[in-house]
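Read through the structure below, which is laid out as structure tokens, and then see the notes.
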Protein chains: 2
Amino acid sequence: MIQPDRRKRITIKDVAQAAGVSTQTVSRVMNKVSYVSEGTRLRVETVVENLGYRPSALARSLIQQRSYTLGVVTFGLKYIGPSRTLNGVADKADELGYMLLMKELDNFNSNRIDDVIDSLLARQVDGILWVAPEIGDNHSWVEERMEKTPVPVLFLAMRPRDGIPSVATDNFKGAVMAIQHLLDCGRKKIGHISGPLNWWEADERKRGWRETLQSAGFDASEQHCTEGNWSSASGEQAFIQLLELFPDMDAVFVANDQMSLSVLREASRRGICVPEQLAVIGFDNIPESAYFHPSLTTISQDLQLLGEQAVQNIVEMIQARQGSQSVVPQAVFIQPSLVVRESSRLA
Amino acid sequence: MIQPDRRKRITIKDVAQAAGVSTQTVSRVMNKVSYVSEGTRLRVETVVENLGYRPSALARSLIQQRSYTLGVVTFGLKYIGPSRTLNGVADKADELGYMLLMKELDNFNSNRIDDVIDSLLARQVDGILWVAPEIGDNHSWVEERMEKTPVPVLFLAMRPRDGIPSVATDNFKGAVMAIQHLLDCGRKKIGHISGPLNWWEADERKRGWRETLQSAGFDASEQHCTEGNWSSASGEQAFIQLLELFPDMDAVFVANDQMSLSVLREASRRGICVPEQLAVIGFDNIPESAYFHPSLTTISQDLQLLGEQAVQNIVEMIQARQGSQSVVPQAVFIQPSLVVRESSRLA
DNA sequence: TGATATTATGTTATCGATAACATGTTATCG
DNA sequence: CGATAACATGTTATCGATAACATAATATCA
């Protein structure tokens, strides 16, 4: 692979000229379509090898109106959730031969949203994955905007909406499993430290707590729940507050593992034995939670799978559209699972 | 913004026709270069608005030989380090008007590396950021390959090499600070739990431990160090092993916070008081470390800044090359800082 | 006041590939 | 053995924009 001048790009013309054929023939060799005689094919392949020719994906995208690229809009990449999801997205995209064009969002201003979508479309992405949490009404534009978007858009971790494709963890179900587990352990006075309640996911988890307790005939009043913002710092505050509101609580369902960490610490400081006096269950199953002291019972959500599933679905939509077929947009739920560890286990 | 047929892209020709001008004039209006009379400018702008015209970045990249896109090659996105770095990269790229084309690496097979670089080049990226750790000789191709790469490539978290631009945390310096701090606290028997020693970063941290102890006249023999693989699970094993090798240790420098977590837990289980009997210091300053029990003294590395700096530097290189200037490739070190918390603080 | 600069706009070539169409040659078959 | 199919290759148009060049009208200056 010799590249005489490293600055100048080697084009299909250079190859054609060197091999004494037309550019079309080179194109045929590269794409292995149509007929090319054994002799010329070998000759062209040799030249390609010698010159180190790589076709310009850019030019190809332009003429084919197809880029084999997915736009990915993320938010809060520095947190573990989005990045694990992105990992799944990246893996699957690679497997299916797609590249990712990324944009990070720092706010949900609607101008900014339009800009981001437009900038992805300007680069001919074949589809868009929206990897940003649903907070307040920051997804209110979805239904209207989707009407006029020329490529499929799939939303992750969004409340299911009719006619809009999405993939999300079943947060409600996860919370139900958490509470059910605590009830199975014989706990009856179960508090909750929620995430920020304008987040759809936090709200779902709280709803799981409330409804499961109520249908089992137990109390799930507002006095038994305080609100954090997902951070360990906020978890500490929320726990202290909850202890005052609900002193005889015998179990607490915490909306994520980070907040659970500080609950465990504060409990230890106050001499509250976990799990004997207080069972603690988290959500997410971050790798560290197995090494908390005591190790944390939690609800595991498979964000890797979430990301993979999202790519799989959007690629199917792209292919369907390519063949002018229509696919019915689906809202998919990924099921979480319960991981029992020391913080809820009776000795 | 009315889009009559959502499927068909609106091109500069449509705008030109509707406004009764040439495409060149539309281009001039869009790019605000050269002369356009007030009248036609307004007319064109109105049409652009009405048709909802967005120029194709693809076509522009092709003609300008410039895409305003950076290729980003990552590894191990699911871990917190790479994703925090990526966050910094994304922020800065956005600020400077660049998009990111991502490829995740799952191994360091040299074919795979060539493929990844080629696929980015095929899309005309203006530069490449290599966000993958240096493990063993997995960067041995760097010097040779860089010769023939037509765009700047910058490496993150790589051992500095002459003539190759890079940005990395000064791991050695961080380790020195950690050990110095322990010495300042009066500790004399300081053990180390390292990361996997084929990682450059792990090796640097260990070197900092060894050299600082030695130059202070203390023992830093191999008996006082065990090796983990960054995970909490491995940290537990490494700590147990270290306790046997070095029973009268009074402090331990752990190569990352995840492993520190299980050190703290195991110490607690064995009734070893931290920090009275054993001071513990970590590395990374993950957000949770402030909520460990006891809270963890650690070396903070600013990966967000690392990512930002990398983008800043590569964009400067791109601009220099644009103007045919030459820049001397720099190897930049980001300085870490010490965060003192309970796990090393004497009461 | 003619020469030069500034303003304003259009025409043609180009980026690097593939699509669509055209054409010639060799097999295959009724 | 002429017609049709399969093979092999080339030519021209195209994707959507900007660069480079050209032209014409107005403004400015020595």
Side-chain angles (χ1 to χ4, degrees), chain A residues 7-45 47-48 51-69 118-119 121-126 150 322, chain B residues 7-45 47-48 51-69 118-119 121-126 150 322:
Chain A
R7 295 313 251 282
K8 194 167 162 296
R9 172 175 269 276
I10 287 142
T11 75
I12 198 169
K13 277 185 201 162
D14 302 322
V15 177
Q17 188 161 23
V21 296
S22 73
T23 61
Q24 190 57 227
T25 299
V26 177
S27 173
R28 288 189 183 109
V29 171
M30 296 302 290
N31 297 294
K32 305 187 205 313
V33 298
S34 184
Y35 308 108
V36 178
S37 73
E38 187 66 11
T40 42
R41 187 166 59 72
L42 281 172
R43 194 148 34 90
V44 170
E45 279 170 351
V47 173
V48 164
L51 297 182
Y53 166 66
R54 303 283 157 181
S56 160
L58 218 58
R60 180 186 284 150
S61 300
L62 188 59
I63 187 71
Q64 295 190 329
Q65 302 287 67
R66 173 114 199 242
S67 63
Y68 286 94
T69 301
D118 284 338
S119 70
L121 292 178
R123 278 163 167 93
Q124 291 277 15
V125 294
D126 297 336
Q322 209 74 8
Chain B
R7 293 313 248 282
K8 196 168 160 296
R9 174 175 268 278
I10 287 142
T11 76
I12 198 170
K13 276 186 200 161
D14 302 322
V15 176
Q17 188 161 24
V21 296
S22 73
T23 61
Q24 190 58 228
T25 298
V26 176
S27 174
R28 288 189 183 108
V29 171
M30 296 303 289
N31 297 294
K32 305 188 206 311
V33 298
S34 183
Y35 309 106
V36 179
S37 73
E38 188 65 12
T40 42
R41 187 168 58 72
L42 281 172
R43 194 146 37 89
V44 170
E45 280 171 349
V47 172
V48 165
L51 297 182
Y53 166 66
R54 303 282 156 182
S56 160
L58 218 58
R60 180 186 285 150
S61 300
L62 188 59
I63 186 72
Q64 294 190 332
Q65 301 288 68
R66 174 120 198 235
S67 64
Y68 287 94
T69 301
D118 284 339
S119 70
L121 292 178
R123 279 165 166 92
Q124 290 277 14
V125 294
D126 298 335
Q322 208 74 9

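We name chains A, B, ... by the order of the sequence lines, and we start the count at 1 in each one.
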Practice task
Would you mind reading off the distance between Asn31(A) atom CG and dG16(C) atom C1', rounded to a whole angstrom?
Solution key: 13 Å

Problem - Gln65(B), CD: over 12 other non-hydrogen atoms inside 6.0 angstrom - result: yes

Problem - Whole-Å distance separating the CD1 atom of Ile12(A) from the C1' atom of dT14(C) - result: 16 Å

Exercise for the section: Using whole Å, report how far OH of Tyr53(B) lies from P of dT18(D). Expected result: 6 Å

Practice task
Give the minimum heavy-atom separation between Ala122(A) and Pro55(B), together with the two atoms involved.
Solution key: CB-O, 3.5 Å

Completion exercise
For Leu62(B) and Ser56(A), the nearest pair of non-hydrogen atoms, with its separation, is CD1-OG, 4.5 Å

Fill in the blank from the handout: Separation of dG16(D) atom P from Leu121(A) atom CG, nearest Å, is 14 Å

Practice task
Mind checking Ser22(B) for me? I need base, sugar-phosphate or nothing, with any heavy atom below 4.0 Å counting as a touch.
Solution key: base

Problem - Any Ser27(A) side-chain N or O less than 4.0 Å from OP1/OP2 of dT18(C) - result: yes

Practice task
Calculate the interatomic distance between Gln24(B) atom CD and dT12(C) atom P; express it in whole Å.
Solution key: 13 Å

Practice task
Please evaluate the base of dG10(C) for a donor-acceptor partner in the side chain of Arg28(B) within a cut-off of under 3.5 Å?
Solution key: yes

Practice task
Note the angle between the end axes of the helix from dT1(C)-dA30(D) to dG30(C)-dC1(D), five pairs defining each, rounded to 10 degrees.
Solution key: 40°

Completion exercise
Of the candidates dG10(D), dA17(D), dG16(C), the side chain of Arg9(A) sits closest to dG16(C)

Practice task
Mark yes or no for whether Ser27(A), through its side chain, and Thr23(A), through its backbone, hold a donor-acceptor pair below 3.5 Å.
Solution key: no

Practice task
To the nearest Å, give me how far apart CD (Gln17(B)) and C1' (dT9(C)) are.
Solution key: 18 Å

Exercise for the section: Check for a donor-acceptor pair, side chain of Arg9(A) on one end and backbone N or O of Gln124(B) on the other, with a separation under 3.5 Å. Expected result: no

Handout entry: Nucleotide nearest Pro55(B) when distance is taken to its side chain, options dA17(D), dT11(D), dT11(C)
Key = dA17(D)

Problem - Gap between atoms NZ and P, on Lys13(A) and dA17(C) respectively (whole Å) - result: 9 Å

Exercise for the section: Decide side-chain contact (heavy atoms from CB on, under 4.5 Å) for Met30(A) and Val15(A); before the verdict, give the C-alpha distance in whole Å, the side-chain angles of both, and the deciding distance to 0.1 Å. Expected result: CA-CA 11 Å; Met30(A) 296 302 290; Val15(A) 177; over 6 Å; no

Exercise for the section: Would you please test Val44(A) and Val48(A) for side-chain contact (heavy atoms from CB on, under 4.5 Å) and show each step? Expected result: CA-CA 6 Å; Val44(A) 170; Val48(A) 164; 4.1 Å; yes

Exercise for the section: Would you kindly give the CD-to-P distance between Gln124(A) and dA17(C), to the nearest whole Å? Expected result: 17 Å

Problem - Nearest non-hydrogen partners of Ser67(A) and Val125(A), listed with the distance - result: OG-CA, 3.6 Å

Problem - Distance below 4.0 Å between Gln65(B) side-chain N/O and dG16(C) OP1 or OP2 - result: yes

Practice task
Would you please confirm or rule out a distance under 4.0 Å between OP1 or OP2 of dG10(C) and any side-chain N or O of Thr25(B)?
Solution key: yes

Problem - Positive for side-chain contact (heavy atoms from CB on, under 4.5 Å) with Val36(A), one of Val21(A), Leu42(A), Val29(A) - result: Val29(A)

Problem - Closest listed nucleotide, where the reference is the side chain of Ser56(B) and the choices are dA17(D), dG10(D), dT18(C) - result: dA17(D)

Problem - Close residues, residues 33-42 of chain B, relative to DNA chain D [heavy-atom separation under 4.0 Å] - result: none

Handout entry: Residues in contact with DNA chain C, drawn from residues 57-64 of chain B - heavy-atom cutoff 4.0 Å
Key = Leu62(B), Ile63(B)

